Amino acid sequence: MKRYGGIFVLCCAVLTIACAKRLPRHTIAIQTNSGAAVSLIVEIARTETERERGFMERTNIPDGTGMLFIFERDQILSFWMKDTPTPLSIAYIDARGTIRSIHDMTPYSRAPIESRTRVRYALEVPQGWFSRAGISVGDVVAIP
């Protein structure tokens with residue numbers, strides 16, 4: 001019986017760690033230039049620790065979900081994919097919510113993907129989701 005108790009505790013610890021990686025979720029709307037409104041369920045990364053962790057080690061990020069990184073001030077942002085196995089696309093967004101640039105990111109790459117202008121937010125989604133959803137540079141994200 002003790003043999004199984006240790007396995008149970010280990011499984012509970014692994015599940016707790018896996019669940020702890022998830023951040024609070026919100027539904028946001030993206031207004032496209034064509035007039036369509038697209039909904040997206042995002043986890044919000046507000047703190048430095050949450051932003052550093054991001055989607056690291058996540059193997060399943062469904063279409064229609066993402067992570068919104070919120071920064072305190074406008075700045076040139078730089079993201080990489082160290083320890084991130086899932087291909088992602090990132091949109092850099094200014095303080096007004098306008099998407100300024102969109103980039104695809106390669107799993108496990110340490111190459112920095114920088115914003116071209118000073119921005120306040122970054123939005124990561126499964127790679128290709130922006131184009132599949134009809135979202136492009138100039139569209140506006142309603143920031144919570």
Side-chain angles (χ1 to χ4, degrees), residues 4-34 36-144:
Y4 297 110
I7 293 171
F8 176 75
V9 171
L10 178 61
C11 288
C12 287
V14 169
L15 286 173
T16 300
I17 291 168
C19 291
K21 292 179 187 177
R22 302 266 189 261
L23 297 171
R25 293 180 180 194
H26 299 276
T27 301
I28 61 171
I30 303 171
Q31 187 71 40
T32 68
N33 287 321
S34 66
V38 178
S39 293
L40 180 67
I41 299 169
V42 296
E43 295 178 49
I44 307 288
R46 294 180 187 274
T47 68
E48 184 175 343
T49 301
E50 291 169 345
R51 292 188 301 254
E52 286 176 359
R53 181 95 190 131
F55 277 135
M56 280 182 166
E57 300 171 7
R58 302 261 190 107
T59 56
N60 182 27
I61 304 166
D63 265 2
T65 66
M67 186 172 292
L68 179 65
F69 297 82
I70 299 176
F71 293 85
E72 295 78 26
R73 61 182 173 77
D74 295 345
Q75 59 192 296
I76 298 293
L77 294 179
S78 182
F79 280 65
W80 65 350
M81 294 283 285
K82 180 181 181 281
D83 298 326
T84 306
T86 305
L88 300 173
S89 294
I90 189 167
Y92 287 117
I93 304 164
D94 68 20
R96 294 181 317 266
T98 303
I99 296 174
R100 301 300 301 267
S101 62
I102 296 174
H103 309 270
D104 287 338
M105 301 169 70
T106 303
Y108 299 110
S109 174
R110 291 178 185 237
I113 305 295
E114 289 190 356
S115 62
R116 295 181 181 133
T117 60
R118 297 172 63 81
V119 293
R120 178 82 49 101
Y121 311 99
L123 176 59
E124 289 182 341
V125 297
Q127 194 169 92
W129 182 82
F130 290 119
S131 61
R132 289 190 296 277
I135 295 167
S136 60
V137 172
D139 293 347
V140 178
V141 179
I143 305 295

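Keep in mind that what you see is a predicted model, and the values were worked out from it rather than measured.
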Validation row: T84, M56 side chains within 4.5 angstrom (heavy atoms): yes

N/O donor to acceptor pairs below 3.5 angstrom from side-chain atoms of residues 119-126, sequence neighbours left out:
unit_1	atom_1	unit_2	atom_2	d
R120	NE	D74	OD1	2.9
R120	NH2	D74	OD1	3.1

Closest approach of N33 and G138, non-hydrogen atoms and distance? OD1-O, 3.5 Å

Which residue pairs pass the salt bridge (Lys or Arg N to Asp or Glu O under 4.0 Å) test when at least one of the two sits in residues 78-88, sequence neighbours left out? none

Value rounded to 0.5 Å, distance of CD1 in I99 from CD1 in I30: 5.5 Å

For residues 84-93, the salt bridge (Lys or Arg N to Asp or Glu O under 4.0 Å) pairs (sequence neighbours left out) are none

May I have all residue pairs that pass ring-ring contact (aromatic ring centres under 6.0 Å, His included) and include part of residues 43-68, sequence neighbours excluded? none

List the residues meeting side-chain contact (heavy atoms from CB on, under 4.5 Å) with T32, not counting sequence neighbours, and say none if there are none. S34, A36, V38, I135, D139

Would Q127 and L88 count as a side-chain contact (heavy atoms from CB on, under 4.5 Å) here? Give the steps. CA-CA 4 Å; Q127 194 169 92; L88 300 173; 5.5 Å; no

Taking salt bridge (charged side-chain N to carboxylate O under 4.0 Å, His left out) as the test, write out the residues that go with E72, two or more places apart. R51

D63: partners by salt bridge (charged side-chain N to carboxylate O under 4.0 Å, His left out), with sequence neighbours left out: R132

Minimum heavy-atom distance between G66 and L40, given as atom pair plus value: N-CD1, 4.2 Å

Should the pair R53-E43 be classified as a salt bridge under the 4.0 Å nitrogen-to-oxygen rule? no

Sequence neighbours left out, what passes side-chain contact (heavy atoms from CB on, under 4.5 Å) with Q75? Give chain and number order. F71, R73, L77

Set of residues satisfying side-chain contact (heavy atoms from CB on, under 4.5 Å) with respect to P107, sequence neighbours excluded: P87

Does a sphere of radius 6.0 Å around CD in E48 hold more than 12 heavy atoms from other residues, nucleotides or ligands, not counting ones at 6.0 Å or beyond? no

Using side-chain heavy atoms (C-beta onward) and a distance below 4.5 Å, is P144 in contact with V42? no

For M67 versus L23, what's the shortest heavy-atom pair and its separation? CE-CD1, 4.2 Å

P85 and Y108: which non-hydrogen atoms are nearest, and at how many Å? CB-OH, 3.0 Å

Can you pull the ring-ring contact (aromatic ring centres under 6.0 Å, His included) pairs that have at least one residue in residues 125-144, sequence neighbours excluded? none

Rounded to the nearest 0.5 Å, what separates atom CD1 in I41 from atom OG1 in T65? 7.5 Å

So side chain to side chain donor-acceptor pair (under 3.5 Å) across residues 86-107, not counting sequence neighbours, yields S89-D104, D94-R96, S101-H103

Residues at least two apart in sequence or cross-chain that pass side-chain contact (heavy atoms from CB on, under 4.5 Å) with P112, listed by chain then number, are S78

With rounding to the nearest 0.5 angstrom, report the CD1 to CG distance, I28 to L68. 5.5 Å

So CD1 of I70 and OG1 of T47: to nearest 0.5 Å the spacing works out to 11.0 Å

